[in-house]
Amino acid sequence: MLNSPFFLMIIKKEKNRLTVKGEFFSAEQILSSGQVFRFNPYKQGYLLYAGSHIAYLCQSGDETVIECSDEDYFYNYFDLNTDYRKITEKIKKYSFMQDALNAGRGIRILRQERLETLISFIISANNNIKRISNIIQKICLALGEKKEFNGIIYNAFPTLPQLSSADTGFFINAGAGYRAAYLTKTISALNNGFDLNLIADMDLSEARKSLMSLSGIGRKVCDCILLFSYYRQNVFPVDTWIEKVYNDYIECGDICRNKIADNFEKMFGNLSGYIQQYLFYYKRNKQEG
DNA sequence: GACCAGGTGAATA
DNA sequence: TATTCACATGGT
């Protein structure tokens, strides 16, 4: 049992199990916020796959039980050491954020693995989330190590050597389309001295310049990688949904996405990543309903 | 068929 | 520097 450092969230950490309580954790909201592509409904909850790990999330009321292969891994993964009450208190000051906050209060910024995030978001370009998930699942099935937890068989995300065994034809066959060539080029760069760990110590512009030198990584994919696997909270990835939001709330015009991202980042600073996630979730779900 | 989905890279001016 | 276009694929 941990002493929770904040009020509304009670966290219990036991072997292979986390218990989370409070308004700032929603399995449904986290999984459908577009950060993560490997999960599926299972029994009363969801199975979630991350790197070589697996978790079963089951939420009833405001309590979520997470049965998982590694409780320390998922404690960090779900960013449970961060007080989202403090963050949302600051965001509340922006009146136009009220609805988005109320709709997605249970969202958290995940701390995902670098290689998996990088490969996943190269695939995400000009694509939709269902297809992205299918493509990644095929890649994991074919290349990832087979694992077992509590009787559930699953595949880990492939390691770099495992990814390197695939050629462009394999990724086309997995459904990646024209992004297949981006993948093999970038995987090749990673095998030839490009060190993802060095990005963590660079300042933002240097990190961007470096990541964007890889094939298939432009400003938006780069910023998703920085936010979801390097926890750079001061980036504001701008995709088609966020562009709609900007046109709705800020100013409607023909401003390019990079400029929108720059403007949002100036407006919101270190709150950028959080605000981006609340808005993405809100806009995308409202559209579907 | 046209348009869309967590856009990028190359060509062009 | 900014603008324009082609690019796989599956769903609506």
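Any value given below was found using the heavy atoms of this structure, including those in side chains, with hydrogens, waters and symmetry copies removed.
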Option passing side chain to side chain contact (heavy atoms under 4.5 Å, CB included) with A/Tyr75 (candidates A/Ile66, A/Val20, A/Asn81, A/Asp70): A/Asn81
Sugar-phosphate only, base, or nothing, as touched by A/Phe228 at under 4.0 Å among non-hydrogen atoms: base
Distance, rounded to the nearest Å, where A/Ile255 contributes CD1 and C/dT3 contributes C1': 16 Å
Contact list for DNA chain B against residues 207-218 of chain A - heavy-atom distance below 4.0 Å: A/Leu214, A/Ser215, A/Gly216, A/Ile217, A/Gly218
Distance-only donor-acceptor check, side chains A/Tyr49 and A/Asn40, under 3.5 Å: yes
A/Tyr154 ring center within less than 6.0 Å of A/Phe149 ring center: no
Between C1' of B/dG9 and CD1 of A/Ile122, the distance in whole Å: 13 Å
No-hydrogen, no-angle side-chain donor-acceptor test under 3.5 Å, A/Tyr56 and A/Asn150: no
Value in whole Å for how far the C1' atom of B/dT8 lies from CD1 of A/Ile225: 12 Å
N or O in side chain of A/Lys185 less than 4.0 angstrom from B/dT8 OP1/OP2: no
d(CG, A/Asp239; C1', B/dT8) in whole Å: 14 Å
Among A/Arg108, A/His53, A/Gln112, A/Arg111, side chain to side chain contact (heavy atoms under 4.5 Å, CB included) partner for A/Tyr77: A/Gln112
For atom CD1 of A/Ile135 and atom P of B/dA5, their distance in whole Å: 16 Å
Salt bridge (charged side-chain N to carboxylate O under 4.0 Å, His left out) partner of A/Arg208, chosen from A/Asp262, A/Asp203, A/Asp223: A/Asp223
Separation between the P atoms of B/dA11 and C/dA8, rounded to whole Å: 16 Å
Sugar-phosphate only, base, or nothing, as touched by A/Gln277 at under 4.0 Å among non-hydrogen atoms: base
Base versus backbone protein contacts along nucleotides 5-12 of chain C [heavy-atom cut-off under 4.0 Å; B, S, -]: --BBBB--
Integer-rounded Å distance: B/dA5 C1' and A/Asn134 CG: 13 Å
Rounded distance [0.5 Å steps], CZ in A/Phe280 versus OG1 in A/Thr240: 9.5 Å
Short side-chain to backbone donor-acceptor contact, A/Thr186 and A/Ser215, under 3.5 Å: yes
Euclidean distance for P, C/dA2 against B/dA5 (whole angstrom): 25 Å
Touch class at under 4.0 angstrom, heavy-atom based, for A/Ser33 against every strand present: base
Protein-nucleotide distance (A/Phe280, atom CZ; B/dA5, atom P), rounded to Å: 10 Å
Between A/Tyr73 and A/Glu113, a side-chain donor and acceptor under 3.5 Å: yes
Euclidean distance, atom CZ of residue A/Arg257 to atom P of B/dT8 [Å, nearest integer]: 8 Å
